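Here the structure is laid out as structure tokens; the discussion comes afterwards.
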Amino acid sequence: MRGNVALLGGWRSAAGFAAALAVAAMVLGCGGDCRVLLSGGLSVTCAEQPPGPGDPAFGQFGEIFVEGGGGLRVWVGIGDASAAEDFRALCSGPDFFWIVGIVLVATDRRDGFFFDPETVRAISSVGEDMQTEIDRIAADPPSFAGSGRVWAVPARIAAAENLPGLRVPCGWERVGLRS
């Protein structure tokens, strides 16, 4: 057994090593398809992995993976503890809600923008002049950024990281996009 532990590079069990190897294969990808396994079990491309500390889109109180009406998915950081609680409460209930926040242009991001985590909130009702889609923002980020204007996108939450207690997926059943 001692020889097996050395062979496994210090792993305490073969099962632990196998699990780590499976995750590594998922992260490194097979055939050039880099994938990341999120804590909730959803597999995303490496380009879709959540922001980490030091990234301006990182939310101190969690990140949610939001899907636009056209299928584009982006991470939205939550930078306020009370906002995180609002997301938990609204995702556990039956009512439709919106994700609101200030859009910032980011030319280093594949979608060209992110929501300022300190401004992100979950709100049950917003004015029509605030409503848009993730896909529309990505098509022309500069037109949605600036002047501190707050925009609202439908809460179609596919996954969450660093946000314990949030029920995902969340939002689709209320807009009729998923069963």
Side-chain angles (χ1 to χ4, degrees), residues 22-80 83-84 86-87 90-91 97-123 126 129-164 166-172 174-175 177-178:
V23 170
M26 191 74 118
V27 170
L28 296 175
C30 298
D33 180 27
C34 177
R35 307 291 293 176
V36 175
L37 184 62
L38 302 176
S39 61
L42 180 67
S43 173
V44 298
T45 67
C46 285
E48 294 178 318
Q49 64 186 321
D55 186 316
F58 178 76
Q60 180 180 357
F61 294 94
E63 296 85 34
I64 52 176
F65 199 39
V66 181
E67 188 168 315
L72 179 66
R73 301 185 299 186
V74 299
W75 285 98
V76 176
I78 301 170
D80 181 81
D86 291 343
F87 276 99
L90 288 169
C91 271
F97 68 98
W98 298 88
I99 299 166
V100 301
I102 294 175
V103 173
L104 299 175
V105 173
T107 56
D108 61 335
R109 293 188 143 19
R110 68 183 173 89
D111 304 314
F113 77 98
F114 66 95
F115 283 93
D116 177 356
E118 298 303 317
T119 67
V120 170
R121 301 288 183 268
I123 298 178
V126 298
D129 62 326
M130 294 173 61
Q131 299 173 16
T132 190
E133 282 281 350
I134 293 287
D135 309 83
R136 290 188 62 213
I137 297 171
D140 187 13
S143 70
F144 290 90
S147 74
R149 181 160 181 200
V150 175
W151 290 97
V153 296
R156 297 182 191 105
I157 302 171
E161 291 292 309
N162 307 312
L163 195 57
L166 185 75
R167 180 187 63 83
V168 291
C170 169
W172 280 284
R174 290 182 275 296
V175 291
L177 296 176
R178 297 225 175 153

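In this text the structure is predicted, and so the values were computed from the model without any measurement.
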Q.
Contact between Thr132 and Val153 at the side-chain level, heavy atoms closer than 4.5 Å - yes or no?
A. yes
Q. For the residue pair Pro154 and Val66, what are the closest heavy atoms and their distance?
A. O-CG1, 4.0 Å
Q: Can you see which heavy atom on Leu166 is nearest to which on Ala160, and at what distance?
A: CD2-CB, 3.5 Å
Q.
Going by side chain to side chain contact (heavy atoms under 4.5 Å, CB included), Phe97 matches just one of Ile123, Asp86, Ile157. Which one?
A. Ile157
**Q.** Heavy atoms from other residues, nucleotides or ligands near CD of Gln49 exceed 12 (cutoff 6.0 Å)
**A.** yes
Q. Do you know which two heavy atoms are closest between Asp111 and Pro141, and how far apart they sit?
A. O-CG, 3.8 Å
Q | Ala84 to Leu163 - nearest heavy-atom pair and separation | A | CB-CD1, 3.6 Å
Q: Could you give me the CA-CA distance, side-chain angles and deciding distance for Arg109 and Leu104, then say whether side-chain contact (heavy atoms from CB on, under 4.5 Å) is met?
A: CA-CA 11 Å; Arg109 293 188 143 19; Leu104 299 175; over 6 Å; no
**Q.** Asp116: partners by salt bridge (Lys or Arg N to Asp or Glu O under 4.0 Å), with sequence neighbours left out
**A.** none
Q) Does the side chain of Val150 reach to within under 4.5 Å of the side chain of Thr119, using non-hydrogen atoms? A) no
Q | Beyond-backbone contact of Trp75 with Glu161, side-chain heavy atoms, under 4.5 angstrom | A | yes
**Q.** Shortest non-hydrogen contact from Pro117 toward Ala57
**A.** CG-O, 3.5 Å
Q: Could you give me the CA-CA distance, side-chain angles and deciding distance for Glu63 and Asn162, then say whether side-chain contact (heavy atoms from CB on, under 4.5 Å) is met?
A: CA-CA 6 Å; Glu63 296 85 34; Asn162 307 312; 2.9 Å; yes
Q: State which residue, out of Phe115, Phe87, Trp151, fulfils the side chain to side chain contact (heavy atoms under 4.5 Å, CB included) condition with Ile99.
A: Phe87
Q. Does any N or O in the side chain of Glu133 come within less than 3.5 Å of the main-chain N or O of Gly69, such that one atom is a donor and the other an acceptor?
A. yes
Q) Is there a side-chain contact between Gln131 and Val126, using heavy atoms and a 4.5 Å cut-off? A) yes
Q. Which value, rounded to the nearest 0.5 Å, describes the distance between Asp80 atom CG and Gln60 atom CD?
A. 9.5 Å
Q.
Could you measure the distance from the CG atom of Asp55 to the CG atom of Asp108? Nearest 0.5 Å is fine.
A. 7.5 Å
Q: Give the intermediate values and the outcome of side-chain contact (heavy atoms from CB on, under 4.5 Å) for residues Arg156 and Arg73.
A: CA-CA 9 Å; Arg156 297 182 191 105; Arg73 301 185 299 186; over 6 Å; no
Q: State whether the side chain of Arg121 and the backbone N or O of Val100 hold a donor-acceptor pair below 3.5 Å, judged by distance alone.
A: no
Q: Would you check, one step at a time, whether the test side-chain contact (heavy atoms from CB on, under 4.5 Å) holds for Arg149 with Asp129?
A: CA-CA 11 Å; Arg149 181 160 181 200; Asp129 62 326; 4.0 Å; yes
